[in-house]
Asks: 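Below is a structure I'd like to ask you about.
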Amino acid sequence: MSSTKFHKNQNAAGALFLAPAAIVLLVFLAHPVYLAVITSLTNSDLLTQPKWIGLNNYLSICTSHDFLNSLMVTAKFVLLASIPLFVISLALAVVLTKPFRGSQLFKLIIFAPVVLSEAITAIVWKMLLNPYGIINEYLMHLGFIDSYIKWLIDPRYALGGIILFVLWKELGYFMIIFLTGLQSIPAGYYETATIDGASGWQQFSYITLPLLKPTTLFASIIMLINILNTFTPFYVMTRGGPFNSTEVLSMLIYDTGFGFMQMGKASAMSVIILLIVAFLSIILFRMGRHDNI
């Protein structure tokens, strides 16, 4: 068999194995995105025949106070949730890299919220964050607060309450991602650094972080997508209130599409979220590629 024919057979086999995944992506990803883009260019209300209105939906929402407020709330939520989630999950992964007594149980406890129902756990957290709930009781008992905090009622604390839930729910997932990346780093690097007299912080700065960049890039993108698409805790715990202080884009899209029956505008907002995720992902990819040069 000639080399050319062999490579053609390899390519055909590869295409055959990729075909099911490609079909799934086309049906469940590309097609819905296409429909969302088309719907965003109409005045669809799910009841009457939609009419083509071009970019009017985009022009309308970009000058809407509700959309601009939601965009700011979303940006604040992404920033305040992603930074501690990244730092704490990485720190836990570093600590758990070296086994100790009870480490497996500790991993199980941290990861358990990931597999629990988000809706049910959001209901539980809504009760925990009640002004007279367990969290306030413990904080007062430990002396951190002097009066009960109205976590989900006061606009100053409502977003913080949901961020606490997101950290608790997502921490185990990203801890496992970082832990997998850390375990792939050869132990010989650390042994050599220890012999050369490098401190623990120096090993972390010059060995762990550089070799963890691919894992960091992957975790950052998944974290960005997950946080931007967070919906259930906002719907269950606050419904966007109080005073729109927790009305993120996902919540506004739901209210616009199914509350006010303006599916065209809701689709336009969904397309904007898609563009934001794509733009930020490209930036992260470029940063990762630049660091690896």
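In what follows, every heavy atom counts, from backbone to side chain, and hydrogens, waters and symmetry copies are set aside.
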Asks: For Ile134, I'd like to know if atom CD1 has over 12 heavy atoms of other residues, nucleotides or ligands within 6.0 Å.
Replies: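 No, CD1 of Ile134 has 12 or fewer neighbouring heavy atoms, counting only those of other groups under 6.0 Å.
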Asks: What is the minimum heavy-atom distance between Ala193 and Ile207, and which atoms define it?
Replies: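 Looks like CB-CD1, 3.6 Å.
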Asks: Could you walk me through whether Asp154 and Ile149 satisfy the side-chain contact (heavy atoms from CB on, under 4.5 Å) test, starting with their C-alpha distance in whole Å, then the side-chain angles of each, then the deciding distance to 0.1 Å, before giving a yes or no?
Replies: CA-CA 8 Å; Asp154 192 328; Ile149 297 177; over 6 Å; no
Asks: What pair of heavy atoms forms the shortest contact from Glu118 to Pro233, and how long is it?
Replies: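 Shortest heavy-atom contact: OE2-CD, 3.6 Å.
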Asks: Compare all side-chain heavy atoms of Thr180 with those of Thr215 and state whether any distance is below 4.5 angstrom.
Replies: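 Side chain of Thr180 against side chain of Thr215, heavy atoms only: no contact under 4.5 Å found.
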Asks: Decide yes or no for Ser270 and Leu274: does some side-chain heavy atom of the first lie under 4.5 Å from some side-chain heavy atom of the second?
Replies: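 A side-chain contact under 4.5 Å is absent here.
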Asks: Go through it in stages, so that I can follow the logic: the residues are Tyr189 and Thr208, the test is side chain to side chain donor-acceptor pair (under 3.5 Å), and I'd like the CA-CA distance, side-chain angles, deciding distance and then a yes or no.
Replies: CA-CA 9 Å; Tyr189 291 136; Thr208 304; over 6 Å; no
Asks: Could you tell me whether Met72 atom CE has more than 12 heavy atoms of other residues or ligands within 6.0 Å of it?
Replies: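 No.
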Asks: Mark yes or no for whether Thr246, through its side chain, and Gly241, through its backbone, hold a donor-acceptor pair below 3.5 Å.
Replies: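 The answer is yes, because a donor-acceptor pair under 3.5 Å joins these two groups.
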Asks: Working to the nearest 0.5 Å, report the span between CD of Glu170 and CZ of Phe165.
Replies: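 Result: 8.5 Å between the selected atoms.
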Asks: Is there a side-chain contact between Met269 and Tyr254 (heavy atoms, below 4.5 Å)?
Replies: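 Side chain of Met269 against side chain of Tyr254, heavy atoms only: no contact under 4.5 Å found.
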Asks: Report yes if some heavy atom in the side chain of Val114 is under 4.5 Å from a heavy atom in the side chain of Ile176; otherwise report no.
Replies: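 A side-chain contact under 4.5 Å is absent here.
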Asks: Let me check something: do Tyr206 and Tyr190 share a hydrophobic cluster, defined by ILVMFWY side-chain heavy atoms less than 4.5 Å apart, either directly or through other members?
Replies: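 Different clusters.
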Asks: Rounded to the nearest 0.5 Å, how far apart are CG of Leu217 and CG of Leu212?
Replies: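 Nearest 0.5 Å value for the CG-CG distance: 11.0 Å.
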Asks: Please round to the nearest 0.5 Å and tell me the distance separating atom CD1 of Ile83 and atom CD1 of Ile88.
Replies: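 Going from the CD1 atom of Ile83 to the CD1 atom of Ile88 covers 11.5 Å.
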Asks: Please, which pairs that meet ring-ring contact (aromatic ring centres under 6.0 Å, His included) have at least one residue in residues 29-53, sequence neighbours excluded?
Replies: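 Every candidate ring-ring contact (aromatic ring centres under 6.0 Å, His included) pair involving residues 29-53 fails, so no pair, neighbours aside, qualifies.
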Asks: Within the structure provided, determine whether Thr216 and Ser220 are in side-chain contact (heavy-atom separation under 4.5 Å).
Replies: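 Of all side-chain heavy-atom pairs linking Ser220 with Thr216, at least one is under 4.5 Å.
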Asks: Would you say the side-chain atoms of Gln203 pair up with the backbone N or O of Ala198, donor to acceptor, closer than 3.5 Å?
Replies: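 Flag set: sc Gln203 to bb Ala198 pair under 3.5 Å.
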Asks: Spell out, as yes or no, whether a donor-acceptor pair under 3.5 Å connects the side chain of Lys265 to the backbone of Asn57.
Replies: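 Checked: no pair found.
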Asks: Restricting to non-hydrogen atoms, name the atom on Pro242 and the atom on Ser245 that form the minimum distance, rounded to 0.1 Å.
Replies: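 That closest heavy-atom pairing would be O-OG, 2.7 Å.
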Asks: Take the angle between the ring planes of Phe234 and Phe77 and call it parallel below 30°, perpendicular above 60°, tilted in between.
Replies: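 Rings of Phe234 and Phe77: perpendicular, over 60°.
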Asks: Quick check against the 3.5 Å criterion: does Ser60 have a side-chain atom that pairs as donor or acceptor with the backbone of Asn56?
Replies: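 Not at all, since once roles are kept as given, no pair shorter than 3.5 Å links the two residues.
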Asks: Tell me if a side-chain donor or acceptor on Ser44 pairs with a main-chain N or O of Ser40 at a distance below 3.5 Å.
Replies: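 Answer holds: no.
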Asks: Would a hydrophobic clustering, with Ile, Leu, Val, Met, Phe, Trp and Tyr connected at side-chain separations under 4.5 Å, put Ile109 with Leu128?
Replies: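 As far as the 4.5 Å side-chain criterion goes, Leu128 and Ile109 are not connected within one cluster.
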Asks: Are side-chain heavy atoms of Leu46 and Met263 found at a separation under 4.5 Å?
Replies: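 Contact flag for Leu46/Met263 side chains = yes.
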Asks: Using modelled atom types and a 3.5 Å cut-off, is there a donor and acceptor pairing between side-chain atoms of Asn69 and backbone atoms of His65?
Replies: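 Side chain of Asn69 to backbone of His65: no pair is present.
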Asks: Decide whether Phe106 and Leu171 are clustered together by the hydrophobic rule: side chain heavy atoms of Ile, Leu, Val, Met, Phe, Trp, Tyr closer than 4.5 Å, transitively.
Replies: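 Yes, Phe106 and Leu171 fall within the same hydrophobic cluster.
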Asks: Tell me whether the centres of the aromatic rings in Tyr148 and Tyr132 are closer together than 6.0 Å.
Replies: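 Here the rings of Tyr132 and Tyr148 have centres that are less than 6.0 Å from each other.
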Asks: Would you kindly confirm whether Ile273 and Ile38 end up in one hydrophobic cluster when ILVMFWY residues are joined by side chain heavy atoms under 4.5 Å apart?
Replies: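 No.
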Asks: Taking Ser70 for the side chain and Asp66 for the main chain, is one N or O donor matched with an acceptor at less than 3.5 Å?
Replies: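 Pair absent, no side-chain N/O of Ser70 close to backbone of Asp66.
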Asks: Is it the case that over 12 heavy atoms from other parts of the model lie below 6.0 angstrom from the CZ atom of Phe100?
Replies: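 It does: Phe100 CZ has more than 12 such atoms within range.
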Asks: Is a side-chain donor or acceptor of Ser103 paired with a backbone partner of Leu96 at a separation under 3.5 angstrom?
Replies: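 No, Ser103 side chain to Leu96 backbone: no donor-acceptor pair under 3.5 Å.
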Asks: Indicate if Leu167 and Ile120 have the same hydrophobic cluster label, given that clusters are the connected sets of ILVMFWY residues with side-chain heavy-atom separations under 4.5 angstrom.
Replies: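 No, separate clusters.
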Asks: Mark yes or no for whether Asp45, through its side chain, and Leu47, through its backbone, hold a donor-acceptor pair below 3.5 Å.
Replies: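 Such a contact is found between Asp45 side chain and Leu47 backbone.
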Asks: Is it the case that over 12 heavy atoms from other parts of the model lie below 6.0 angstrom from the CG atom of Asp196?
Replies: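 For Asp196, atom CG is crowded (more than 12 foreign heavy atoms under 6.0 Å).
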Asks: Are Phe86 and Phe178 an aromatic pair, judged by ring center distance below 6.0 Å?
Replies: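 They qualify: ring centres under 6.0 Å apart.
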Asks: Hey, what do you get for OG1 (Thr121) to CG (Leu116), rounding to the nearest 0.5 Å?
Replies: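 Spacing of OG1 (Thr121) from CG (Leu116) equals 6.5 Å.
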Asks: Where is the tightest heavy-atom contact between Ser82 and Val78, given as atom of each residue plus distance?
Replies: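 In this case the closest contact between Ser82 and Val78 is OG-O, 2.5 Å.
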Asks: Might you work through the side-chain contact (heavy atoms from CB on, under 4.5 Å) test for Ile53 and Leu41, ending with a clear yes or no?
Replies: CA-CA 6 Å; Ile53 60 174; Leu41 301 174; 6.0 Å; no
Asks: Mind checking whether Leu249 and Leu71 have side chains closer than 4.5 Å, heavy atoms only?
Replies: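 With C-beta onward as the side chain, the pair touches.
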Asks: Can you name the closest pair of heavy atoms from Cys62 and Phe67 and give their distance?
Replies: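 Minimum heavy-atom separation between Cys62 and Phe67: CA-CD2, 4.3 Å.
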Asks: Search all heavy atoms of Asn43 against all heavy atoms of Lys51 and return the closest pair with its distance.
Replies: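 In terms of heavy atoms, the two residues are closest at OD1-N, 2.6 Å.
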Asks: Should we say atom CZ of Phe260 is surrounded by more than 12 heavy atoms from elsewhere, each under 6.0 Å from it?
Replies: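 Counting other residues, nucleotides and ligands, CZ of Phe260 stays at 12 neighbours or fewer.
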Asks: Is a side-chain donor or acceptor of Thr256 paired with a backbone partner of Ile253 at a separation under 3.5 angstrom?
Replies: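 No; zero donor-acceptor contacts below 3.5 Å.
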Asks: Heavy-atom distance under 4.5 Å between the side chains of Thr74 and Ile276, does that happen here?
Replies: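 A side-chain contact is absent here, since even the closest heavy-atom pair is not under 4.5 Å.
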Asks: Rounded to the nearest 0.5 Å, how far apart are CG of Leu90 and CG of Leu85?
Replies: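 If we round to the nearest 0.5 Å, Leu90:CG and Leu85:CG are 11.0 Å apart.
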Asks: I'd like to know whether Arg239 forms a side-chain contact (heavy atoms from CB on, under 4.5 Å) with Asp255, so could you lay out the CA-CA distance, the side-chain angles of the two residues, the decisive distance to 0.1 Å, and finally the verdict.
Replies: CA-CA 9 Å; Arg239 288 301 300 267; Asp255 288 337; 4.1 Å; yes
Asks: With rounding to the nearest 0.5 angstrom, report the NZ to CG distance, Lys150 to Leu152.
Replies: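 If I round to the nearest 0.5 Å, the distance is 12.5 Å.
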Asks: Show your reasoning for whether side-chain contact (heavy atoms from CB on, under 4.5 Å) applies to Phe174 and Ile222.
Replies: CA-CA 9 Å; Phe174 291 101; Ile222 298 300; 4.1 Å; yes
